[in-house]
Protein chains: 2
Amino acid sequence: MSGKVVVNRCMSLDGFIAGPGHSMDWGDDRALADFVAPDDLAEIAAATGAMLVGRRTWEVGERMEAEKPDSVDYPFSGPMFLLTHRPLVPPNPHVTILTGDIGDAVATALDAAGGKDLEILGADVAGQCLQRGLVDEILVYVLPVLLGEGIRFSSPGLARTALQPLSSTRSGDATILRFRVRKQSDQTV
Amino acid sequence: MSGKVVVNRCMSLDGFIAGPGHSMDWGDDRALADFVAPDDLAEIAAATGAMLVGRRTWEVGERMEAEKPDSVDYPFSGPMFLLTHRPLVPPNPHVTILTGDIGDAVATALDAAGGKDLEILGADVAGQCLQRGLVDEILVYVLPVLLGEGIRFSSPGLARTALQPLSSTRSGDATILRFRVRKQSDQTV
């Protein structure tokens with residue numbers, strides 16, 4: 001019994017997943033956990049069995065933790081996979097580096113999730129997974145801000161992708177939207 | 001007793017308010033009204049007393065109506081204002097052309113709304129209104145598609161704008177998000 005592959009991201013209402021320079025300051029120095037209700041984050045983390053993270057998102061996370069050590073905002077402690085061709089210096093014993101094909105990486109990480117969901121973090125990795133039809137769901141934390149500029153949700157070249165809304169939940173000052181990715185095999189409505 | 005100034009727009013989940021070339025085909029040739037529950041559109045239209053529309057949005061609407069005459073998708077029949085420096089050829093008796101300052105245009109149209117809401121349509125007009133602090137609320141119809149490319153929600157140069165979530169409602173295959181625009185005078189949380 002396999003879990004779902006879930007692309008997981010924050011977004012400003014105007015469709016940016018980070019500010020200029022990949023800043024994750026969503027206003028008044030607030031990070032995701034300052035917007036979302038802790039119970040909702042805990043519930044999503046509890047459904048997650050593994051994470052597959054892109055290199056840039058990893059580095060943004062490292063930078064955030066260095067700048068604001070108390071900002072650990074996601075109660076997850078399972079297997080963590082990093083998709084990168086550059087080794088981590090120094091190596092990090094808590095993360096498994098994957099370098100191969102994105103399909104193989106997803107299969108490896110999903111297997112490690114032990115029947116729970118695999119969470120995909122990072123615009124490039126998410127884009128590659130979407131292109132390859134590997135994503136089951138997209139979970140978006142819509143944060144209450146217009147950024148005006150920043151890093152776009154879709155990486156260039158992403159093909160049009162039909163979705164099906166699953167749920168919409170107000171959580172603290174955020175809104176959590178969950179969509180299923182429609183597969184090519186779905187009937188056209 | 002004055003109504004609210006509400007920026008009103010459709011958006012793909014990845015933050016585009018139209019496809020390339022200002023296409024309003026959101027998938028399988030479906031327009032907004034094919035996604036949203038008719039009762040919800042009727043309720044929003046009933047709260048609207050006037051509309052202020054930008055020139056490009058007006059032309060997109062004209063084009064849609066020419067291509068698909070049955071696609072009249074919004075049960076609104078009140079005063080309509082068009083912000084443009086170019087006269088309509090031929091003139092349209094159902095629309096009042098405004099050419100002046102955006103603040104004056106909003107005041108004129110809001111007055112015509114007779115205590116109901118003024119709906120702002122069009123990325124440029126909406127951006128100008130946001131820049132000038134004229135907007136009370138933003139209403140977004142999130143449509144279940146990733147477009148990958150198109151016309152961005154925010155026009156270039158839009159300053160960071162703090163919002164406050166008001167509601168999130170599933171409506172048909174769309175999700176209607178409503179936000180209050182936080183004014184400079186609001187307390188910082």
Side-chain angles (χ1 to χ4, degrees), chain A residues 7 9 11-17 19-20 23 25-30 34-35 123 126-127 130-131 135 138 140 142-150 152-182 188-189, chain B residues 7 9 11-17 19-20 23 25-30 34-35 123 126-127 130-131 135 138 140 142-150 152-182 188-189:
Chain A
V7 163
R9 51 179 52 173
M11 186 179 85
S12 67
L13 181 61
D14 53 347
F16 295 106
I17 57 167
S23 158
D25 171 13
W26 297 99
D28 299 329
D29 204 26
R30 293 164 88 195
D34 301 317
F35 289 94
L130 283 164
Q131 294 289 33
V135 179
I138 300 177
V140 178
V142 180
L143 301 184
V145 64
L146 300 175
L147 287 185
E149 56 179 343
R152 284 171 28 174
F153 186 106
S154 286
S155 31
L158 182 72
R160 179 188 280 250
T161 305
L163 307 172
Q164 179 191 357
L166 295 178
S167 65
S168 143
T169 314
R170 170 76 175 275
S171 175
D173 281 341
T175 307
I176 303 177
L177 304 181
R178 205 182 265 274
F179 291 83
R180 196 173 72 83
V181 177
R182 297 173 69 101
T188 300
V189 177
Chain B
V7 163
R9 51 180 50 174
M11 186 179 88
S12 67
L13 181 61
D14 53 347
F16 296 105
I17 58 167
S23 157
D25 170 13
W26 297 100
D28 298 331
D29 204 28
R30 294 165 87 195
D34 300 318
F35 290 95
L130 283 164
Q131 294 288 32
V135 179
I138 300 177
V140 178
V142 180
L143 302 185
V145 64
L146 301 176
L147 287 185
E149 55 180 345
R152 282 172 28 173
F153 186 108
S154 287
S155 30
L158 182 72
R160 180 187 279 251
T161 305
L163 307 172
Q164 179 191 356
L166 295 177
S167 65
S168 143
T169 314
R170 169 76 175 274
S171 175
D173 281 340
T175 307
I176 303 178
L177 304 181
R178 205 182 265 274
F179 290 84
R180 197 173 73 83
V181 177
R182 298 174 69 102
T188 298
V189 177

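Computed from a prediction, not measured in an experiment: that's the story for all the values here. A, B, ... follow the sequence lines: proteins, then strands. Residue 1 opens every chain.
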Study note, to complete from the structure: The interface call for B:Ser12 against chain A, heavy-atom contacts under 4.5 Å, is neither
Study note, to complete from the structure: Honestly, the part of B:Arg152 sitting under 4.5 Å from a heavy atom of chain A is side chain
Check your understanding: Which atoms of A:Leu177 come close to chain B, meaning under 4.5 Å heavy atom to heavy atom: side chain ones, backbone ones, both, or neither?
Key -> side chain
**Study point:** Least distance between heavy atoms, A:Pro144 atom then B:Pro165 atom
**Key:** CB-CD, 3.8 Å
Point to revise | Worked verdict on B:Ile138 versus A:Leu146 for side chain to side chain contact (heavy atoms under 4.5 Å, CB included) | key: CA-CA 11 Å; B:Ile138 300 177; A:Leu146 300 175; 3.7 Å; yes
Exercise for review: For residues A:Ser154 and B:Asp14, report the shortest heavy-atom separation together with the two atoms involved.
Suggested key: OG-OD2, 2.5 Å
Point to revise | Contacting region of A:Leu166 [heavy-atom separation from chain B under 4.5 Å] | key: backbone
Review point. Any idea which heavy atoms bring A:Phe179 and B:Thr175 closest together, and the distance?
Key: CZ-OG1, 4.5 Å
**Study point:** Part of A:Ser168 lying under 4.5 Å from any heavy atom of chain B
**Key:** both
Practice item. Decide yes or no on side chain to side chain contact (heavy atoms under 4.5 Å, CB included) for A:Val145 and B:Arg160, but give the supporting numbers first. Key: CA-CA 7 Å; A:Val145 64; B:Arg160 180 187 279 251; 3.9 Å; yes
